[in-house]
Each structure stands twice: as C-alpha cells, then as structure tokens.
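Below is one structure, written out as structure tokens, with a few remarks after it.
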Amino acid sequence: MRRSDLFGETLRQAPADAESGGYVLLLRGGFVQPLAAGIFSYLPLGWRVKEKVERIMREEMNAIDGQEVQLPVVHPAELWQETGRWYEIGPELARFTARGDREMVLAMTHEEVVADLLRRNVRSYRQLPFMLYQIQTKFRDEPRARGGLIRAREFTMKDAYSAHATAADLDRYYPRVHDAYLAIFRRCGIHPLVVESDVGMMGGSMAHEFMDLLPIGEDLLVICDACGYAANRQVATFRKATREEEPLPLEEVATPGAATIADLASFLKIGPEQTAKATFFMAGDRCIFAVVRGDMEVNETKLSNAVGVGELRPARAEELTGTGIVPGYASPIGVTGVTVVVDDLVARASNLVAGANREGYHLLNTNAGRDYQADLVADIASAFEGAACSSCGEPLRLARGVEVGNIFKLGTRYTAALGATFLDPDGVARDIVMASYGIGVDRLIGCVAEGSRDEKGLIWPVSIAPFQIYLVGLDLEQEDVREAAEDLYRRLTDARIEVLYDDRAERAGVKFNDADLLGIPLRLTISKRTLGRDEVEIKWRTESTSGSISRSAVLEAVRAALAGAEGPDATD
RNA sequence: CGGGGUGUAGCGCAGCCUGGUAGCGCGCCUGCUUUGGGAGCAGGAGGUCCCCGGUUCGAAUCCGGGCACCCCGACCA
C-alpha cells in the first residue's frame with residue numbers, strides 16, 4: 001500500500017473529546033472514527049488490525065473444533081419473550097417496530113438464536129457435543145459509552161456457544177475454551193487475568209472473566225498474590241473475623257449530628273468495626289434493609305443475588321416513610337414492612353452500635369438475633385484492599401481491569417425455556433446443556449492500544465499490526481533513489497510482506513513521526529544517503545536506534561526479523 | 001437517570017461578560033526556497049457560529065426551549 005493512496009489522515013492534535021491515551025492514538029492515527037457516542041467506523045488501518053485479530057480468533061476457535069456461523073443481527077421479539085429476557089432487560093436492549101407492527105430487537109447477544117437453532121436441529125445425543133461461533137455485530141444501548149473502543153454501543157463480538165448432553169461433558173469442554181481464549185489474547189499481545197465473576201443477565205451456574213489489567217478498567221478485581229485467588233469484586237469473598245463477646249444490655253445514647261459512621265465513631269471514640277451500617281434498596285416496590293459492619297460497604301451484586309432479584313436501586317428517602325426507618329440513625333430494630341438482610345459477619349458480631357431510629361440517637365450493644373431478626377443472613381459485604389483472602393488469609397489487593405472476554409456455563413436456562421431437547425441413550429428427552437463464550441473484538445483492540453504505546457504513538461505487536469513494514473522513502477525527487485525505493489517496495493510486496501510505503505512528498509520528520517504514530521513494527525528507510533552505501537536503514541518501533549543492511553540482503557533480513565517476532569510470546 | 005462541562009472552518013482554540021462586516025494556530029490548495037525527526041516566505045480556498053423560538057434597527061454574543069458530545073457517578077455480558 002502506498003501511503004499516498006491510503007484513506008484516512010493522521011492528526012497532529014487529537015480531537016478534544018477523547019480522553020484515554022490509547023483511544024487518542026487510534027483517532028490520531030486514523031484507525032477508527034466515531035460516528036455517534038459509542039458507534040465507530042473502522043478506517044482502512046483499523047480494519048486491517050481488526051481483520052488480523054479476527055483471523056487469530058478463527059484459528060484458535062477452529063482448533064478446538066468450533067464451527068463458524070453467522071447469525072442475524074435483527075431478531076423477532078417473540079424469541080426474547082420466550083426466554084423472558086424481553087421483560088428482564090431494560091432499555092439496553094434496543095427494540096424497534098418493523099413493518100406491520102412487528103416488534104424486533106437488535107441483537108445484544110445470541111443465546112436465544114442459538115438455543116432456537118438447537119431446538120430446530122438437535123434430536124439425539126449422538127449429535128452432541130459441538131460448538132458454534134461467530135464474529136459479528138452486537139448493539140447494546142449503553143446508558144453511557146466511554147473510553148473509545150473500550151465501551152462502545154455497537155461493537156463486534158466473537159461469541160461462541162457449545163452444546164452438550166450433560167453438565168459433566170460441558171465441564172470437560174469448558175477448560176479447552178478457557179485455554180483457547182488465553183492463546184488468542186497472548187497472540188494479540190495481551191495477558192489478561194482470569195477471574196471468577198457474576199453471571200449477571202446471562203444466568204447459569206459459573207462464569208469467568210478475562211480481565212486486562214489497565215488503570216482505565218471499569219471493573220474492580222480482588223487479587224490474592226499469595227495463593228492466586230482472583231475474582232471480580234462483585235462476587236469476591238474474603239475472610240471475616242470478629243470477637244464474640246458476652247451480649248451486653250441495649251442502651252440508647254444521644255449522638256447529636258452523628259449521621260454517618262465516621263461521625264458516629266469519632267463521637268463515641270470507637271472504631272467503625274464496632275458499628276453496624278444500614279443501607280436501603282428497592283427491589284421493585286419491596287424495600288431491602290441491608291446491614292453490614294460499619295467498616296465495610298454493601299456489595300449490591302451480592303445483595304441482589306442473595307435476595308434473588310435482578311435489579312436493585314438505592315431507596316429514596318420518601319420510600320422509607322411508614323417503615324420506621326430514620327436515615328442516618330437507622331437499625332432494623334422496630335422497623336416494619338422491609339426485608340432485613342444481614343451480613344454474616346454482623347450476624348456473628350456482638351454489641352455493635354446501631355441507629356435507634358430516632359433522630360440524634362443510637363443504640364449501644366445491638367445483637368442480631370437478640371434485638372432483631374434477619375429475614376436473610378448472607379455475605380453481602382464488598383471485599384476491600386487488605387481484607388484477608390478467604391482461601392489463605394493473606395491480604396487481598398484491588399486492581400482495575402477491562403473485561404475483554406468471558407465464559408459462562410449457562411446450563412439449561414435457555415434450552416429449557418425454548419424446549420431445545422434431545423433424546424439420551426435411554427430414549428429420555430433432556431434439555432441440552434449450553435455454555436456461551438465471548439470476546440469483545442473492539443475492546444481487545446482498545447486494550448492493546450491502551451497498553452502498548454509510548455509518547456510517540458502506538459506499538460502494535462507484529463501479529464496484529466496493520467502493516468509489518470513502514471517503508472520511508474526520502475529524497476524521492478532524485479530519480480535513482482525513487483527507483484531504488486520503488487524496487488524495494490515491489491520486492492517486499494511480491495514476497496507477500498505487508499508494506500506501507502511512504503511515497504509522499506513530505507519531509508523526513510513528518511514520515512518518521514507518522515511511522516511512530518501508526519506503530520508499525522519495522523521501519524525501513526531508503527534515501528540518497530543509504531543508497532550511496534547501497535544500504536537500507538532498518539529500525540524496530542520498540543528500539544531507539546537503527547541499523548543498516550545491504551540492499552541485496554533486505555528481503556532475507558526482514559523475513560528473518562519478522563519470523564522471529566511472530567512467535568507466540570514475541571511481545572513479552 | 002443525577003451532577004459537571006462543551007458545541008464557532010478538517011483538527012485545536014479565541015471572540016460571548018460589555019450586541020454592530022467571524023478571527024488565530026495547525027492542516028488543505030498554488031508558487032518559490034528548503035530537505036534525515038512534524039520547514040520558511042508569498043498567495044488562496046474553506047463557516048447554516050449545534051437547532052428552534054424570542055428580545056432588538058441589528059444576535060456567535062442576551063433570554064427560553066430542545067439536541068448532540070465529553071467527564072464523574074448510577075447502570076453495564
């Protein structure tokens with residue numbers, strides 16, 4: 001490709017509305033361009049990167065016996081009504097009315113369509129197992145897109161779905177996908193951490209997320225460096241210790257103005273761990289009263305899983321009228337009409353300070369079980385920096401991560417809903433066991449851009465770079481130099497090496513800076529100076545110095561260099 | 001959805017407070033000079049000042065409403 005023909009221009013100044021470093025460089029380099037919030041066009045350079053990522057995905061999915069398919073983007077509403085997600089999922093699911101008042105959805109994921117394929121096509125256990133995958137557009141009407149490709153509304157996902165006769169068979173297959181995913185990420189130059197995760201709207205029994213550890217990540221991860229435990233904070237457990245003491249008598253004390261745990265603790269000169277914190281949520285029109293120890297935070301994911309509701313939101317003050325709750329001075333004592341959920345630690349703890357449900361007063365020595373009854377005792381507290389690992393007791397660490405992939409054991413949630421059954425060897429009809437696996441293609445590219453760059457620009461790994469070589473031609477107005485540059489371009493192209501040949505009438509600095517900005521791994525320079533020595537200058541994007549090779553040996557040297565860099569761990 | 005911010009040339013911005021012929025830098029086009037890390041000079045093209053309404057002799061500027069985009073939060077496979 002000649003640079004003079006390439007569509008898309010590089011920008012010296014980034015558009016003002018881009019914030020993250022990797023995204024700025026993708027914009028400046030002309031890889032992608034936003035059309036609307038979270039909706040992007042891929043320009044030729046970006047498309048080449050994406051195409052290479054997808055090729056790697058196809059190779060790895062085919063290697064674990066995946067069969068590529070292409071499923072529709074537009075689905076009839078009925079299918080989503082059958083599984084119930086039409087009703088469960090909010091405005092994130094884009095709906096529209098087609099001709100003849102037919103309600104349709106834009107696919108945000110494809111479990112429904114796959115389960116439908118299964119019910120139409122699978123009859124016997126002899127047809128199982130198998131795995132289907134596709135690389136295709138999804139639309140999720142996110143309330144707020146951000147971070148460029150990291151969180152888009154329209155995006156490309158490689159999604160895969162496996163079908164099994166038994167849960168045990170899925171258990172055998174699941175690790176193969178796990179390993180294939182790690183291979184994909186490694187070949188693309190990132191090394192995500194696998195963490196346990198919440199099943200969220202997908203349902204099912206078990207889920208893992210592949211998290212690229214980047215500061216711009218929106219997920220908080222809980223990591224134990226000692227034993228390797230790693231989980232999304234939404235589900236992370238930790239060891240909770242408490243001293244059990246003899247219960248002391250309840251006592252009301254005046255605590256004027258102490259409406260927060262911090263104020264209360266300093267007023268009473270006690271630690272926050274000697275208090276109980278009350279937080280209120282609404283699940284539909286049901287009020288949930290959550291109690292955790294004062295030094296901890298309620299984990300909404302854990303809480304909603306414990307209560308068994310899909311959606312929770314903080315309660316507003318007016319929704320608490322009539323319950324007896326006095327915000328700032330609340331405890332479950334004397335409260336009515338709410339579901340009281342108590343963290344397992346609070347249930348075991350003794351003599352905590354809690355609200356008196358009276359403005360300006362608290363109660364000393366409250367004890368769950370004696371002074372109030374929990375409707376539910378569960379782990380509903382968020383793990384925090386320094387908390388003790390539930391497996392080994394060592395301190396946990398928090399880190400930020402971007403979810404580049406996930407794998408879910410769905411079980412029979414979708415197949416049962418749609419009646420996708422098969423006959424087992426005994427002639428008994430059973431629901432097909434299903435799992436789904438996803439990787440966000442754009443997000444993966446966004447992560448590579450974010451994590452692999454310097455002050456001059458992007459640094460693509462050879463495996464997914466838009467071109468392997470950036471050929472800088474200088475002094476091209478000089479006939480012999482131009483001929484030599486054209487000749488080198490032709491030889492590289494004939495050798496099927498991907499070259500972006502900068503044949504523009506620009507100054508050297510412009511070309512060098514563009515080569516750096518675009519992040520192409522290997523740079524070759526030919527000029528009257530190098531031609532005089534019958535040489536070509538060669539420089540890696542990652543190196544600060546260049547070398548020289550004789551013109552006749554260029555092809556071989558480039559081939560060898562690229563082959564060396566193509567190895568699976570080339571970017572380590 | 002709550003809070004904050006921004007919409008003026010392809011990109012970055014000034015002008016708005018105090019209403020009166022729409023500007024600067026980069027980029028783009030032409031010419032000359034220059035030529036190994038984002039050149040210089042000269043000339044030039046390019047604008048529904050986000051949209052609708054109002055006030056006014058006159059609105060980029062003041063007022064009202066809307067929309068879009070960005071940031072923090074809520075939300076999120």
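Chain naming here is simple, since letters A, B, ... match the order of the sequence lines and numbering starts at 1 in each.
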Practice prompt. Side chain of A/Ala36 only, please: which of B/rC71, B/rC69, B/rG38 is the nearest?
Written response: B/rC69
Discussion item. Ignoring hydrogens, what is the shortest heavy-atom contact between A/His178 and A/Ile407? Give both atom names and the distance.
Written reply: CB-CD1, 4.1 Å
Fill in: Residue whose nearest RNA chain B nucleotide is more 5′ - A/Gly38 or A/Asn406
A/Gly38
Worksheet item: Taking any strand in view, what nucleotide pairs with B/rC17 in a Watson-Crick or G-U wobble way, both distances under 3.5 Å?
Response: none
Item to complete: Tell me which nucleotide among B/rG73, B/rG27, B/rG36 gets nearest to the side chain of A/Arg529.
Response: B/rG36
Discussion item. Rounding to an integer number of Å, can you tell me how far A/Asp502 CG sits from B/rG38 P?
Written reply: 15 Å
Worksheet item: Can you tell which of B/rC13, B/rG38, B/rG73 lies closest to the side chain of A/Asn513?
Response: B/rG38
Worksheet item: Does A/Arg28 get its side chain close enough to the base of B/rG38, under 3.5 Å, for a donor-acceptor pair?
Response: yes
Worksheet item: Where the side chain of A/Val510 is defined as all heavy atoms beyond and including C-beta, which of B/rG12, B/rG37, B/rG38 is the nearest nucleotide?
Response: B/rG38
Worksheet entry | Spacing of the P atoms in B/rU6 and B/rA42 (rounded, Å) | 36 Å
Worksheet item: Should A/Arg12 be listed as having a side-chain N or O under 4.0 Å from OP1 or OP2 of B/rG27?
Response: yes
Worksheet entry | Nearest-angstrom distance from the residue atom CE of A/Met108 to P of B/rC76 | 11 Å
Item to complete: Report which part of the nucleic acid A/Glu537 touches: base, sugar-phosphate, or nothing (heavy-atom distance under 4.0 Å, all strands).
Response: base
Fill in: For B/rC1, the Watson-Crick or wobble partner whose two distances fall under 3.5 Å
B/rG73
Worksheet item: Just checking A/Gln234: base, sugar-phosphate only, or nothing, at a heavy-atom cut-off of under 4.0 Å?
Response: nothing
Worksheet item: How close or far is atom C1' of B/rC69 from atom CG of A/Leu35, stated in whole angstroms?
Response: 12 Å
Worksheet item: Rounded to whole angstrom units, what separation is found between the CZ atom of A/Arg504 and the P atom of B/rA39?
Response: 12 Å
Worksheet item: Given B/rG37, B/rC71, B/rC69, which nucleotide is nearest the side-chain atoms of A/Ala37?
Response: B/rC69
Worksheet item: Does the base of B/rG37 carry an N or O that pairs as donor and acceptor with the side chain of A/Asp516 under 3.5 Å?
Response: yes
Discussion item. Let me confirm one number: the CG-NE2 distance from A/Asp116 to A/His75, rounded to the nearest 0.5 Å.
Written reply: 10.0 Å
Discussion item. Can you identify which nucleotide, out of B/rC75, B/rG27, B/rG73, has its nearest atom closest to the A/Glu300 side chain?
Written reply: B/rC75
Practice prompt. Assign A/Ser546 to base, sugar-phosphate, or nothing according to its heavy-atom contacts below 4.0 angstrom with the strands shown.
Written response: nothing
Practice prompt. Name the orientation class of the two ring planes belonging to A/Phe210 and A/Phe185 (parallel below 30°, tilted from 30 to 60°, perpendicular beyond 60°).
Written response: tilted
Discussion item. Under 6.0 Å from the ring centre and within 45 degrees of the ring axis: does the NZ or CZ of A/Lys50 meet both conditions for the six-membered ring of A/Tyr42?
Written reply: yes
Worksheet item: Between A/Tyr437 and A/Ser162, is a side chain to side chain donor-acceptor pair (under 3.5 Å) present by the stated rule, with each step listed?
Response: CA-CA 8 Å; A/Tyr437 318 88; A/Ser162 65; 2.7 Å; yes
Fill in: Integer angstrom distance from the P of B/rG12 to that of B/rU18
29 Å
Item to complete: Under a 3.5 Å limit for both distances, which nucleotide forms a Watson-Crick or G-U wobble pair with B/rA45, could you say?
Response: none
Practice prompt. For A/Asp159, answer base if it contacts any base atom (sugar-phosphate contacts may also be present), sugar-phosphate if it contacts only those atoms, and nothing otherwise; contact means non-hydrogen atoms under 4.0 Å.
Written response: nothing
Worksheet item: Closest nucleotide of RNA chain B for A/Lys539 versus for A/Ala152: which of these residues is on the 5' side?
Response: A/Lys539
Practice prompt. Can you check whether any acceptor in the base of B/rC76 is under 3.5 Å from a donor in the side chain of A/Arg151, or vice versa?
Written response: yes
Worksheet item: Now, which nucleotide makes the Watson-Crick or G-U wobble pair with B/rC32, with each of the two distances under 3.5 Å?
Response: B/rG40
Item to complete: Give one of base, sugar-phosphate or nothing for A/Ala207, where a contact means two heavy atoms less than 4.0 Å apart.
Response: nothing
Item to complete: With heavy atoms under 4.0 Å as the rule, sort A/Pro143 into base, sugar-phosphate or nothing.
Response: base
Discussion item. Any side-chain N or O of A/Arg153 below 4.0 angstrom from OP1/OP2 of B/rC76?
Written reply: no
Discussion item. Using the C1' atom as the point on both nucleotides, what is the distance between B/rG43 and B/rG7, in whole Å?
Written reply: 33 Å
Fill in: Distance below 4.0 Å between A/Arg507 side-chain N/O and B/rA39 OP1 or OP2
yes
Fill in: Between P of B/rC28 and CD of A/Gln13, the distance in whole Å
13 Å
Worksheet entry | Distance between C1' atoms of B/rU33 and B/rA14 (Å, rounded) | 32 Å
Practice prompt. In whole angstrom, give the distance that lies between atom CZ of A/Arg146 and atom C1' of B/rC71.
Written response: 9 Å
Worksheet item: Which base sits across from B/rC67 as a Watson-Crick or G-U pair, both distances under 3.5 Å?
Response: B/rG7
Worksheet item: What is the base-pairing partner of B/rA60, counting Watson-Crick and G-U wobble geometry with both distances under 3.5 Å?
Response: none
Response to the item:
Side-chain atoms of A/Phe512 come closest, of B/rC28, B/rG73, B/rG36, to B/rG36
Worksheet item: So, A/Trp47 versus A/Phe7, ring centres under 6.0 angstrom or not?
Response: no
Fill in: Span that lies between the C1' atom of B/rA68 and that of B/rA59, in whole angstrom
22 Å
Response to the item:
One should read off an interatomic distance between A/Asp212 CG and A/His191 NE2, to the nearest 0.5 angstrom, of 10.0 Å
Fill in: P atoms of B/rG25 and B/rG54, separation to the nearest Å
38 Å
Worksheet item: For A/Phe155 and B/rC76, what is the distance between atoms CZ and C1' respectively, to the nearest whole Å?
Response: 10 Å
Worksheet item: Does A/Arg95 make a cation-pi contact with A/Trp80 (under 6.0 Å, within 45 degrees of the axis)?
Response: no
Item to complete: Assess whether one donor atom and one acceptor atom, taken from the side chain of A/Arg523 and the base of B/rG37, lie less than 3.5 Å apart.
Response: yes
Worksheet item: In whole angstrom, what separates A/Asp454's CG from B/rG37's P?
Response: 18 Å
Discussion item. Say we look at B/rG31 and B/rG38: how far apart would their C1' atoms be, to the nearest angstrom?
Written reply: 22 Å
Practice prompt. Tell me the partner of B/rC24, counting only Watson-Crick (N1-N3 plus N6-O4 or O6-N4) or G-U wobble (N1-O2 and O6-N3) with both under 3.5 Å; none if nothing fits.
Written response: B/rG12
Worksheet item: If you look at every heavy atom in A/Thr530 and A/Glu537, which pair is closest and at what distance?
Response: CG2-N, 4.2 Å
Discussion item. Looking at A/Arg313, I'd like to know whether one of its side-chain N or O atoms comes within less than 4.0 Å of OP1 or OP2 on B/rA74.
Written reply: no
Fill in: Same-atom distance (P) from B/rG66 to B/rC29, integer angstrom
44 Å
